[in-house]
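Worksheet: the structure to be examined is printed underneath.
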There are 2 protein chains.
Amino acid sequence: MDWCRIDQTRADELKEKIPVDEEMQDVAEFIRVFGDPTRLGILFYLRELPLCVHDLSLLTGMQQTAISHQLKVLRQMRLVKYHKEGRMAVYSLNDSHISQILDIGLKHTAEEVRND
Amino acid sequence: MDWCRIDQTRADELKEKIPVDEEMQDVAEFIRVFGDPTRLGILFYLRELPLCVHDLSLLTGMQQTAISHQLKVLRQMRLVKYHKEGRMAVYSLNDSHISQILDIGLKHTAEEVRND
DNA sequence: ATTATATATGAATATATATTCATATGTTCA
DNA sequence: TGAACATATGAATATATATTCATATATAAT
């Protein structure tokens with residue numbers, strides 16, 4: 001191993017500090033759930049109040065099936081929960097970190113005038 | 001429009017509160033950058049100290065070209081900056097929100113025992 | 001009972017994107 | 001000057017994933 005700016009000892013120290021592959025994968029999967037505008041829309045609306053699939057579909061302008069599929073992703077990540085009310089399924093947020101991430105995302109894009 | 005659990009007035013209020021399509025897209029793009037294990041690895045290492053491409057390649061175990069491509073993505077989102085030192089390019093973090101997001105991701109996956 | 005409504009889901013399709021390969025540019029060293 | 005090194009990037013490929021369509025299930029309404 002031929003390092004540029006660090007030596008082997010420092011490299012070993014660093015590797016100790018950084019999440020191992022599997023954890024890195026988990027963190028990436030978790031964050032990736034927030035990286036889609038449809039899912040983000042769902043989360044922003046559910047942050048305001050619990051909603052059923054149909055209302056989420058109308059609010060976001062997405063087809064019901066698309067919403068259902070994305071709700072499944074959110075459910076699997078345990079970011080949302082739901083209960084049935086008659087034939088409706090009423091979804092709500094189920095994770096304390098969601099609001100933080102949404103706010104950071106909003107804050108960042110508000111600050112940033114991005115181009116390349 | 002036939003809502004289930006809200007009326008038209010409430011729906012209009014909600015839509016006012018939620019980011020418009022373009023902003024939603026921007027937020028999603030921003031967060032999505034964190035949703036890849038290779039980029040996450042780079043960010044975790046750069047959080048510790050500035051590093052050159054070669055060292056990042058050795059630390060992460062990824063090919064140099066893969067690192068360069070991902071650094072370009074991070075550069076375009078202005079999450080990292082770099083300066084040249086001779087033939088090296090030394091990268092460092094360039095956004096105050098990065099650490100927060102990394103920590104939330106870590107915290108979440110630490111708490112969560114996730115499956116379906 | 002029949003019809004309409006609310007939701008879920010498998011399959012197909014289209015699109016995005018991560019990685020590799022080949023290669024170009026610029027720098028250091030012998 | 002030539003060889004080795006550090007980095008960047010376009011093209012190709014493979015993989016992931018978001019959406020739609022078709023359809024099934026369950027509940028409500030008439």
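All chains are named by letter (A, B, ...) in the order of the sequence lines, taking the proteins before the strands, and each is independently numbered beginning at 1.
Under the side chain to side chain contact (heavy atoms under 4.5 Å, CB included) criterion, T65(A) pairs with Q63(A), not counting sequence neighbours. Take V73(B) and apply the side chain to side chain contact (heavy atoms under 4.5 Å, CB included) test, not counting sequence neighbours, and it matches V33(B), R39(B), Q70(B). Residues meeting the side chain to side chain contact (heavy atoms under 4.5 Å, CB included) test with D7(B), sequence neighbours left out: T9(B), R10(B). For E85(A), the side chain to side chain donor-acceptor pair (under 3.5 Å) partners at least two apart in sequence or on another chain are H83(A), R5(B). Take Y82(A) and apply the ring pair (Phe, Tyr, Trp, His ring centres under 6.0 Å) test, not counting sequence neighbours, and it matches Y91(A). H97(B) pairs by the ring pair (Phe, Tyr, Trp, His ring centres under 6.0 Å) definition with H108(A), not counting sequence neighbours.
Atom pair Q70(A):CD and dA16(D):P shows a separation of 17 Å (rounding to whole Å applied). The interatomic distance linking D2(B) (CG) with dA6(C) (P) rounds to 6 Å, in whole Å. Residue L74(B) contributes atom CG, which lies 14 Å from atom C1' of dT17(C) at whole-angstrom precision. Between L71(B) atom CG and dT7(D) atom P the separation is 10 Å, expressed in whole Å. Between I42(B) atom CD1 and dT7(D) atom C1' there is a gap of 13 Å when expressed in whole angstrom units. Nucleotide dT7(D) holds its P atom 11 Å from the OH atom of Y82(B), rounded to whole Å. dA8(C) atom P lies 10 Å from atom CG of L56(A), rounded to whole Å. The CE atom of M88(A) sits 12 Å away from the P atom of dA8(C) (whole-angstrom rounding).
Using a 4.0 Å cutoff on non-hydrogen atoms, no part of residues 33-41 of chain A comes near DNA chain C.
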Working for side-chain hydrogen bond (donor to acceptor under 3.5 Å, both in side chains), residues D12(B) and Q8(B): CA-CA 6 Å; D12(B) 292 340; Q8(B) 187 63 50; 3.0 Å; yes
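When each of dT9(D), dT17(D), dA18(D) is scored by its nearest atom to the side-chain atoms of R32(A), the top-ranked nucleotide is dT17(D).
The stretch residues 86-108 of chain B participates, sequence neighbours left out, in these salt bridge (Lys or Arg N to Asp or Glu O under 4.0 Å) pairs: R47(B)-D103(B).
Between R5(A) and dA6(D) there is no side-chain polar atom (N or O) within less than 4.0 angstrom of OP1 or OP2. OP1 or OP2 of dA8(C) lies within a sub-4.0 Å distance of a side-chain N or O belonging to Y91(A).
Here the CD1 atom belonging to I104(A) is positioned 5.0 Å from the CD1 atom belonging to I101(B), to the nearest 0.5 angstrom.
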Nucleotides 20-30 of chain C: protein proximity per nucleotide (B base, S sugar-phosphate only, - neither; heavy atom, under 4.0 Å): BBB----BS--
